[in-house]
There are 2 protein chains.
Amino acid sequence: MDLPERKRQILKAIVENYINTAEPVGSKMIAGAFSQPISSATIRNEMSELEEMGFLEKPHVSAGRVPSYAAYRLYVDELMDSYRMAAGEIERLQAEMRSRLRELDSIMINASRIVSHFTDHTSVSIIDRAGGSSVKKVQLVSIDDMTYAVVLVTENNARNKVLRLPAPLSETEAAVLGRAINAALAENRLPAFAAGLRSIAAPGSGALFLADKVVELVREAQSETHASEVYVDGAGRLLSNREYQDPEKARDLLDYLSDLRKVGGLVRCRTPYVVNIRIGPENGEPRLWDASFVFTAYDIDEQTRGIVGVIGPTRMDYSRTIARLSAIARQLSRLASGENAKYKLKEPGDRHE
Amino acid sequence: MDLPERKRQILKAIVENYINTAEPVGSKMIAGAFSQPISSATIRNEMSELEEMGFLEKPHVSAGRVPSYAAYRLYVDELMDSYRMAAGEIERLQAEMRSRLRELDSIMINASRIVSHFTDHTSVSIIDRAGGSSVKKVQLVSIDDMTYAVVLVTENNARNKVLRLPAPLSETEAAVLGRAINAALAENRLPAFAAGLRSIAAPGSGALFLADKVVELVREAQSETHASEVYVDGAGRLLSNREYQDPEKARDLLDYLSDLRKVGGLVRCRTPYVVNIRIGPENGEPRLWDASFVFTAYDIDEQTRGIVGVIGPTRMDYSRTIARLSAIARQLSRLASGENAKYKLKEPGDRHE
DNA sequence: TTTAGCACTCGGGGGGCGCGAGTGCTAAAA
DNA sequence: TTTTAGCACTCGCGCCCCCCGAGTGCTAAA
């Protein structure tokens with residue numbers, strides 16, 4: 001973007017002012033904010049040009065100007081200073097994270113809580129199994145002869161699902177079935193195995209039902225992020241923003257956020273530790289047109305990636321948010337990979353797109 | 001409550017009117033609603049008596065009256081007609097539930113969703129392990145030699161937690177440890193076993209760490225409802241109510257709801273299929289003073305109880321909510337116990353307190 | 001005991017008004 | 001040519017005021 005230096009400075013000042021005050025910015029305000037004195041008339045000229053270029057908008061004739069989406073985009077791409085967290089902030093963050101994140105599988109919920117708390121925005125936390133979480137092992141755990149827990153063991157996580165069988169299955173039968181399933185799984189011919197079983201076993205038998213379910217669960221585990229792996233926290237903080245004082249708007253957004261599958265689908269982010277920013281319409285989803293979604297990924301292991309992000313008004317303090325998010329992501333990754341960081345970590349605010 | 005019949009009718013009409021309109025109710029309004037003609041002056045006399053008795057309040061001199069908490073209490077206890085769901089409604093409910101609730105352990109999340117959808121209120125869903133969920137079996141599943149999933153099998157559910165060990169532990173060692181733990185668990189001397197292990201095993205060894213963690217997890221499983229077993233859905237629906245148009249109030253309540261532990265603590269409900277109603281201050285929690293919490297429990301098994309409920313303004317349509325909630329609870333229990341209902345089920349709206 | 005009538009109360013909505021922030025334009029200064 | 005000062009103009013917002021009307025309590029008659 002080959003915008004003359006002075007226009008850039010003016011635009012930057014306007015965006016930052018608006019971020020802080022949520023009120024349209026006038027020419028005098030900006031004139032006062034410059035080091036070398038410059039008259040408000042000059043600013044006005046520049047501003048009306050910036051408006052023609054599509055960076056500013058007027059809510060009405062005699063109010064100041066408000067940044068457009070294009071302005072925010074330019075701001076985060078080129079104008080924004082990167083914010084560095086003070087030592088104290090970082091310490092508080094680390095302390096809080098250490099105390100909360102003792103177990104690996106509570107990472108998601110707690111990450112969400114921490115992000116929301118430290119950024120003062122509504123947060124989203126997602127587990128993303130890139131290309132599927134290659135199930136390594138399946139364990140059938142008998143609860144009673146009609147009820148089994150299927151434990152799927154993946155790279156460094158496990159999850160279980162409890163199923164009720166249509167017909168009883170003894171523990172020894174289950175053990176046999178379990179071995180067969182794992183053998184099939186290792187050779188990657190699980191669906192074939194289940195199909196084969198269908199011709200042998202009695203229809204409606206517990207073993208057949210269980211085998212089918214396992215195939216389904218494994219497939220599910222390997223495909224998309226699913227709802228149980230999306231978590232939203234701090235929804236109430238949305239309401240603190242002036243733009244969501246209108247209950248209609250807030251309601252729309254909250255409703256959207258409670259559809260976790262959709263929220264999970266928002267994220268297409270493959271490069272870890274790069275902070276992604278989606279401003280307004282860039283999100284696709286109409287209900288997010290006046291919201292921004294800022295998120296970043298962290299590695300949990302080679303197959304699994306966590307994503308944390310915040311949702312707030314387009315007028316959010318991007319540079320603070322970015323700094324905090326990436327600090328949190330680095331910490332998370334460090335904790336997830338057991339302190340002995342296998343992955344090269346970037347400095348906060350290094351890159352974003 | 002020995003209130004004369006006419007006063008009861010008037011109070012009932014006022015409460016119902018207010019539930020529908022959210023606006024203070026005047027004497028004429030009520031006079032018109034009666035079958036035998038009765039003058040507004042008479043109503044006014046009655047109303048001012050009801051006010052003295054603490055059932056009505058005046059927002060200001062020249063508005064109508066608004067029911068007090070006591071009035072809602074009396075209303076749900078004695079005045080309210082019980083609402084019966086139409087056949088169509090029940091069918092839709094059952095269809096939706098069948099399609100959503102295939103797996104047992106997704107009950108909580110989906111129950112919440114269904115309740116929110118059918119009652120049009122914010123819903124809460126909790127798993128309550130009355131007196132602890134007696135862990136029947138512990139399974140150690142190796143992910144790699146530094147990482148294990150501990151699967152706790154309870155009456156008819158399972159949950160797992162992934163732990164990273166301080167030192168490696170082979171799969172065969174884990175199997176031995178697993179057997180020992182289960183033996184100890186069966187005889188209810190698990191803590192003693194872990195303590196004994198401490199004197200034999202090397203400090204900092206994987207086995208010791210794991211054993212300690214298992215003890216901790218079992219204890220945790222046996223104690224309180226914990227955060228991962230509380231789920232809130234449809235938070236946005238709060239904002240549809242006139243009383244939460246004020247973002248301040250809405251924010252307070254949403255913040256409260258996002259503290260899941262606290263929400264879990266709200267519920268002290270031991271009798272299943274009885275709809276409990278906590279009106280305003282009855283909830284204890286100050287942030288719920290102008291909200292009502294209506295909930296009911298359903299049996300999952302002898303040890304485990306699910307709780308579903310809704311949170312809304314004190315002016316909520318109690319009788320519809322009660323009918324729907326108890327229909328949902330009965331369905332849930334039926335599904336959870338595999339259609340062959342072991343528990344005697346009540347009719348909807350039968351009892352509540 | 002009920003009812004009609006009446007004076008009184010106030011909250012809320014609408015209209016009018018003035019303030020002030022902000023703009024665009026023009027003309028002079030740099 | 002660019003910057004700046006000056007000025008007329010616009011218009012949203014807050015303020016005040018006032019009136020309307022729903023609703024009340026009281027009193028006196030049925």
Side-chain angles (χ1 to χ4, degrees), chain A residues 3-11 13-18 20-68 71 242-243 245-246 315, chain B residues 3-11 13-18 20-68 71 242-243 245-246 315:
Chain A
L3 215 53
E5 183 54 24
R6 198 176 58 186
K7 281 203 177 55
R8 296 168 68 93
Q9 284 187 21
I10 290 174
L11 188 55
I14 293 174
V15 169
E16 286 174 352
N17 205 296
Y18 189 68
N20 290 328
T21 63
E23 270 169 15
V25 185
S27 52
K28 261 184 212 155
M29 188 73 61
I30 299 305
F34 273 79
S35 45
Q36 70 274 53
I38 195 171
S39 91
S40 66
T42 312
I43 304 278
R44 277 202 293 282
N45 290 332
E46 297 281 43
M47 279 166 94
S48 72
E49 284 173 51
L50 283 167
E51 187 178 352
E52 267 175 31
M53 299 164 90
F55 290 115
L56 296 178
E57 286 161 7
K58 276 192 285 210
H60 30 260
V61 183
S62 95
R65 258 95 165 186
V66 159
S68 70
R242 172 184 282 238
E243 24 279 281
Q245 297 296 77
D246 172 14
R315 169 195 70 80
Chain B
L3 215 54
E5 182 54 24
R6 200 176 58 184
K7 280 206 177 51
R8 296 168 68 93
Q9 284 186 22
I10 290 174
L11 188 54
I14 292 174
V15 170
E16 287 173 354
N17 205 297
Y18 188 67
N20 292 326
T21 64
E23 268 167 18
V25 184
S27 52
K28 262 183 209 154
M29 186 74 60
I30 298 305
F34 271 79
S35 46
Q36 70 274 52
I38 195 171
S39 91
S40 66
T42 312
I43 304 279
R44 277 203 292 283
N45 290 332
E46 297 280 40
M47 280 166 94
S48 73
E49 283 173 50
L50 283 168
E51 187 178 351
E52 266 175 34
M53 299 163 90
F55 290 115
L56 295 178
E57 285 161 9
K58 276 192 285 207
H60 29 258
V61 183
S62 95
R65 257 91 164 189
V66 159
S68 70
R242 172 182 284 238
E243 25 278 282
Q245 297 296 76
D246 173 14
R315 167 194 71 82

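Proteins get letters first, then strands, A, B, ... in listed order; numbering begins at 1 in each.
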Novice: Of the non-hydrogen atoms in B:Val25 and B:Ile14, which two are nearest, and what is the gap between them?
Specialist: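 Looking at all heavy atoms of both residues, the closest pair is CG2-O, 3.8 Å.
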Novice: Is any side-chain nitrogen or oxygen of A:Thr42 closer than 4.0 Å to OP1 or OP2 of D:dT3?
Specialist: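 Checking A:Thr42 against D:dT3: no side-chain N or O falls below 4.0 Å of OP1 or OP2.
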Novice: Measure NE2/B:His60 against P/C:dG11 and give the value in whole Å, please.
Specialist: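 Between P of C:dG11 and NE2 of B:His60: 6 Å.
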Novice: Establish, with yes or no, whether the OP1 or OP2 oxygen of C:dT23 is under 4.0 angstrom from a side-chain nitrogen or oxygen of A:Arg65.
Specialist: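 Looking at the OP1 and OP2 atoms of C:dT23, one of them is under 4.0 Å from a side-chain N or O of A:Arg65.
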Novice: Taking only side-chain N and O atoms of A:Ser62, does any of them lie within less than 4.0 angstrom of OP1 or OP2 on C:dG22?
Specialist: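 No, outside the criterion.
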Novice: Under 4.0 Å between a side-chain N or O of B:Lys58 and OP1 or OP2 of D:dG25?
Specialist: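 It does, given that an N or O in the side chain of B:Lys58 lies less than 4.0 Å from OP1 or OP2 of D:dG25.
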Novice: Grab the CD-P distance between A:Glu23 and C:dG20 for me, whole Å please.
Specialist: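 Going from CD in A:Glu23 over to P in C:dG20 covers 16 Å.
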Novice: Could you tell me the separation between the CD atom of B:Glu46 and the P atom of C:dT2, rounded to a whole number of Å?
Specialist: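 Atom-to-atom, B:Glu46 to C:dT2, this comes out as 7 Å.
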Novice: OP1 or OP2 of C:dT2 sitting under 4.0 Å from any side-chain N/O of B:Arg6?
Specialist: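 Checking B:Arg6 against C:dT2: at least one side-chain N or O falls below 4.0 Å of OP1 or OP2.
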Novice: Taking only side-chain nitrogens and oxygens of B:Ser27, does any of them come within less than 4.0 Å of OP1 or OP2 of D:dT24?
Specialist: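 Yes, such a contact exists.
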Novice: Using a cut-off of strictly less than 4.0 Å between a heavy atom of the residue and any atom of DNA chain D, enumerate the qualifying residues of residues 28-37 of chain B by number.
Specialist: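 Output list: empty, so none.
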Novice: Return yes if some donor-acceptor pair links the side-chain N/O of B:Ser27 with the main-chain N/O of B:Arg44 below 3.5 Å, else return no.
Specialist: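 No, the answer is negative, given that no donor and acceptor are paired below the 3.5 Å cut-off.
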